[in-house]
Chemist: 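Quick one: structure below, then a few questions.
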Amino acid sequence: MTKVLIATVKPFASNAVNGIREVCEKAGYEMALLEKYGSEDDLIKAVADANAVIIRSDNITKEVIDAGNNLKIIVRAGAGYDNVDLQAATAKGVVVMNTPGQNSNAVAELALGMMVYMARNGYNGSAGTELRGKKIGIHAFGHVGQLVGKIANGFGMKVYAFDPFIADEKIRDFGATPVNSAEELYKECQYISLHIPANEKTKGSINYALLSSMPEGATLVNTARKEVINEEDLKKVMRERGDFKYISDIAPDCAPEIESNFSGRFFFTPKKMGAQTAEANNNAGIAAAEQIVGFIEKNDITFKVN
Ligand code: 3PG
């Protein structure tokens, strides 16, 4: 019998687990659940007899992949797959997929929610500022970026976007103004919302030149990955500019320094929670299960990333 393992340090909402179970049962598969596991060893043991694995930001190393004797497919229920060793998976003939778009709305809502929170000084009772009329630059205009643009338009913000992989016309169709470079975007916009993936090209790419060029009252909103920020440069800009704020879904490595030096100019979620809604868990989890069934039954590789 085909065995599907859900391996999530950060568990799905229970309705999503039930939904995944239903998809598995309908296909005649067995489902196993490994939640909040303590070590890679636990994952290595659990993966040994699984044919398919559904994960979130769980680290899928070469060791984990090699332990999957019968492993055919890993689906990252979500967008970013920087947590999976793609090379090791490909070498072992294991297909890796993500579920693009399924959790985007949750992430976009969090981005705007954190912006309002920061603009209103953490709801501390003092006079804050409004989002209306401010310029927001969306750095990468994929599923999440497009929704951030749509919601920001609803707030009456002026929306700009930079994405070399998306046609200007499409950016305009979504109500945003395309710009030609990241440099132009950061120079123009008081708010920057980051949606670039973390890869060898982008890690550390959000640097001093970009951040220091932002207009007065700059706020950087990061619901992407902490690794894309050059943290030394971020701290330098925050030291030099008392107006510069940083909001991030998951704390940077340098959080203790930011917390002790830049009071009122940062907000970090305690764990990555952009996609942490019942709806997003349901959408991404069930899509992952359906993609597994599609792959095993019909060799459908639509969302293959390796
Ligand atoms: C993603 O890449 O889909 C988001 O960062 C969400 O990740 P999570 O499933 O670990 O919350």
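Both counts, for ligands and for their atoms, begin at 1 and track the order of listing. Quick caveat, the model's predicted, so the values are computed rather than measured.
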Chemist: Do you reckon L5 sits in the same ILVMFWY cluster as V94, going by side-chain contacts under 4.5 Å, direct or chained?
Modeler: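 Looking at the clustering, V94 is in the same group as L5.
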Chemist: Just say parallel, tilted or perpendicular for the rings of F141 and F174, cut-offs at 30° and 60°.
Modeler: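 Because their plane-to-plane angle is over 60°, the rings of F141 and F174 count as perpendicular.
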Chemist: Under 3.5 Å, N or O to N or O, is A275 touching ligand 1 that way?
Modeler: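 For ligand 1, there is no N or O atom that lies under 3.5 Å from one belonging to A275.
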Chemist: For residues Y208 and N230, is any side-chain donor paired with an opposing acceptor at under 3.5 Å?
Modeler: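 No, no side-chain donor-acceptor contact under 3.5 Å.
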Chemist: Going by the rule ring-ring contact (aromatic ring centres under 6.0 Å, His included), which residues pair with Y160 if we only count those two or more places apart in sequence or in a different chain?
Modeler: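 Once residues adjacent in sequence are excluded, Y160 has no partner under the ring-ring contact (aromatic ring centres under 6.0 Å, His included) criterion.
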Chemist: Considering only protein heavy atoms, which is closest to atom 10 (O) of ligand 1, and at what distance to one decimal place?
Modeler: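 Of the protein heavy atoms, S57 OG, 2.2 Å lies nearest.
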Chemist: State, with a plain yes or no, whether a side-chain heavy atom of V53 is found less than 4.5 Å away from one of V75.
Modeler: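 No, side chains not in contact.
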Chemist: Short list, please: which atoms of ligand 1 are under 4.0 Å from a heavy atom of G78?
Modeler: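 Answer, ordered by atom number: 3 (O).
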Chemist: Following the transitive rule for hydrophobic clusters with a side-chain heavy-atom cut-off under 4.5 Å over Ile, Leu, Val, Met, Phe, Trp and Tyr, establish whether M115 and I250 coincide in one cluster.
Modeler: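 Cluster IDs for M115 and I250 differ.
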Chemist: Give the atom numbers and elements of ligand 1 that come within less than 4.0 Å of a heavy atom of N103.
Modeler: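 Going through ligand 1 atom by atom, the ones under 4.0 Å from N103 are 1 (C), 3 (O), 6 (C).
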Chemist: I need the contact type for V107 against ligand 1. Using non-hydrogen atoms and a strict under-4.0 Å cut-off, is it side chain, backbone, both or neither?
Modeler: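 V107 to ligand 1: no contact under 4.0 Å from either part.
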Chemist: Is a salt bridge present between D58 and R56, judged by a nitrogen-to-oxygen distance below 4.0 Å?
Modeler: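 Salt bridge absent between D58 and R56.
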Chemist: Can you list the ligand 1 atoms lying under 4.0 Å from a non-hydrogen atom of A79?
Modeler: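 Answer, ordered by atom number: 1 (C), 2 (O), 3 (O).
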Chemist: Between K10, K272, R225, which one has a non-hydrogen atom sitting closest to atom 8 (P) of ligand 1?
Modeler: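 The nearest heavy atom belongs to K10.
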Chemist: Out of R56, K271, R76, M273, who gets a non-hydrogen atom closest to atom 1 (C) of ligand 1?
Modeler: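 Among R56, K271, R76, M273, the closest heavy atom to atom 1 (C) of ligand 1 belongs to R76.
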Chemist: Please confirm whether G80 comes within less than 3.5 Å of ligand 1 when only nitrogen or oxygen atoms on both sides are compared.
Modeler: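 So ligand 1 has an N or O lying under 3.5 Å from an N or O of G80.
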